[in-house]
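Here is the structure we will look at.
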Amino acid sequence: VITESLIKALRTPSESVQRAVADCLTPLVQTLKGSEVAISLLQKLLDTTMEASTYGERRGAAFGVSAFVKGLGVPVLKQLDIINKLKDTISAGSVNSSQGALFAIECLSERLGLLFEPHIIHVIPVLLKSFSHSSDHVREAAQGTAKVIMSRLSGHGVKQVLLPILQSLPTEAAWKSRQEAL
């Protein structure tokens, strides 16, 4: 009951409220670990991140996704194939769903820190493509996501990310993607 009311509070269009709610959700989700309720709530938040009509709802749901993943443990990313779902949505989704998926990656990177680093290498190609998206909203979300990712990387993570970025430069047709990669 408490968890569901906190999830409803994530719809509040205030980032400080959404962050505070996500901070409260993480320990609560740990008590739900292993239950179907936690997985269904995470799936619902993931769907909201990519399908909600308003910016605030998508952003709040992304904070919720990151809180649930931290509470349930990083293996849930692989268990529910979350990274691939987010990548596919960024590549082929609408403007709102692409923006929401980028928010989710940003929040996951921020909340999980070094624990998310092995997954970053998989999202770099779609992140670079997002810099040249036709929508300002997607481009801005990609820039925010890149800032958070780069601020959280360790020295080893920078080395891992640098190679795909540099390899994409000569083959990338869109000048915006090349510029942001640099």
Closest non-hydrogen atom pair, A22 against A67: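 Scanning both residues, the minimum pair turns out to be O-CB, 3.4 Å.
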For L45 against I7, the heavy-atom pair lying closest together: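 Looking at all heavy atoms of both residues, the closest pair is CD2-CG2, 3.9 Å.
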Any pair counted as ring-ring contact (aromatic ring centres under 6.0 Å, His included), so long as it reaches residues 21-51, sequence neighbours left out: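 Found none.
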Pair listing, ring-ring contact (aromatic ring centres under 6.0 Å, His included) test, anchored in residues 5-36, at least two apart: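 Every pair satisfying ring-ring contact (aromatic ring centres under 6.0 Å, His included) with a residue in residues 5-36: there are none.
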Just list the side-chain donor-acceptor pairs under 3.5 Å for residues 77-88, sequence neighbours left out, or say none.
unit_1: D81; atom_1: OD1; unit_2: N84; atom_2: ND2; d: 2.8
unit_1: K85; atom_1: NZ; unit_2: L80; atom_2: O; d: 3.2

Sidechain-backbone polar pair: R11 side chain, E57 backbone, donor-acceptor under 3.5 Å: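 The answer is no, because no donor-acceptor pair under 3.5 Å joins these two groups.
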Q160: side-chain hydrogen bond (donor to acceptor under 3.5 Å, both in side chains) partners, not counting sequence neighbours: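 Residues passing side-chain hydrogen bond (donor to acceptor under 3.5 Å, both in side chains) with Q160: H156.
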For T12, all residues meeting side chain to side chain contact (heavy atoms under 4.5 Å, CB included), sequence neighbours excluded: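 Listed in chain order: S14, V17.
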By side chain to side chain contact (heavy atoms under 4.5 Å, CB included) - contacts of A146 (at least two apart):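 For A146, the residues satisfying side chain to side chain contact (heavy atoms under 4.5 Å, CB included) (neighbours in sequence not counted) are L127, F131.
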Members besides V148 in its Ile/Leu/Val/Met/Phe/Trp/Tyr cluster (side-chain heavy atoms under 4.5 Å):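 Other cluster members: none.
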Residue pairs, two or more places apart or on separate chains, that pass side-chain hydrogen bond (donor to acceptor under 3.5 Å, both in side chains) and touch residues 104-127: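 For residues 104-127: R19-E110, D23-R111, R59-E106, S66-R111, E117-S154.
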Distance-only check: which donor-acceptor pairs under 3.5 Å involve side-chain atoms of residues 95-102, not counting sequence neighbours?
unit_1: S97; atom_1: OG; unit_2: S94; atom_2: N; d: 2.8
unit_1: S97; atom_1: OG; unit_2: S94; atom_2: O; d: 3.1
unit_1: S97; atom_1: OG; unit_2: S94; atom_2: OG; d: 3.1
unit_1: S98; atom_1: OG; unit_2: T89; atom_2: O; d: 3.3
unit_1: S98; atom_1: OG; unit_2: I90; atom_2: O; d: 3.3
unit_1: S98; atom_1: OG; unit_2: S94; atom_2: O; d: 3.0
unit_1: Q99; atom_1: OE1; unit_2: R58; atom_2: NE; d: 3.3
unit_1: Q99; atom_1: OE1; unit_2: R58; atom_2: NH2; d: 2.5

Those residues that, when tested against F68, pass ring pair (Phe, Tyr, Trp, His ring centres under 6.0 Å) (two or more places apart):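 Once residues adjacent in sequence are excluded, F68 has no partner under the ring pair (Phe, Tyr, Trp, His ring centres under 6.0 Å) criterion.
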Partner set under ring pair (Phe, Tyr, Trp, His ring centres under 6.0 Å) for F103, not counting sequence neighbours: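 Listed in chain order: Y55.
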List, one per line, each side-chain donor-acceptor pair under 3.5 Å for residues 27-37, sequence neighbours excluded.
unit_1: T31; atom_1: OG1; unit_2: L28; atom_2: O; d: 2.4
unit_1: S35; atom_1: OG; unit_2: L32; atom_2: O; d: 2.7
unit_1: S35; atom_1: OG; unit_2: A38; atom_2: N; d: 3.3

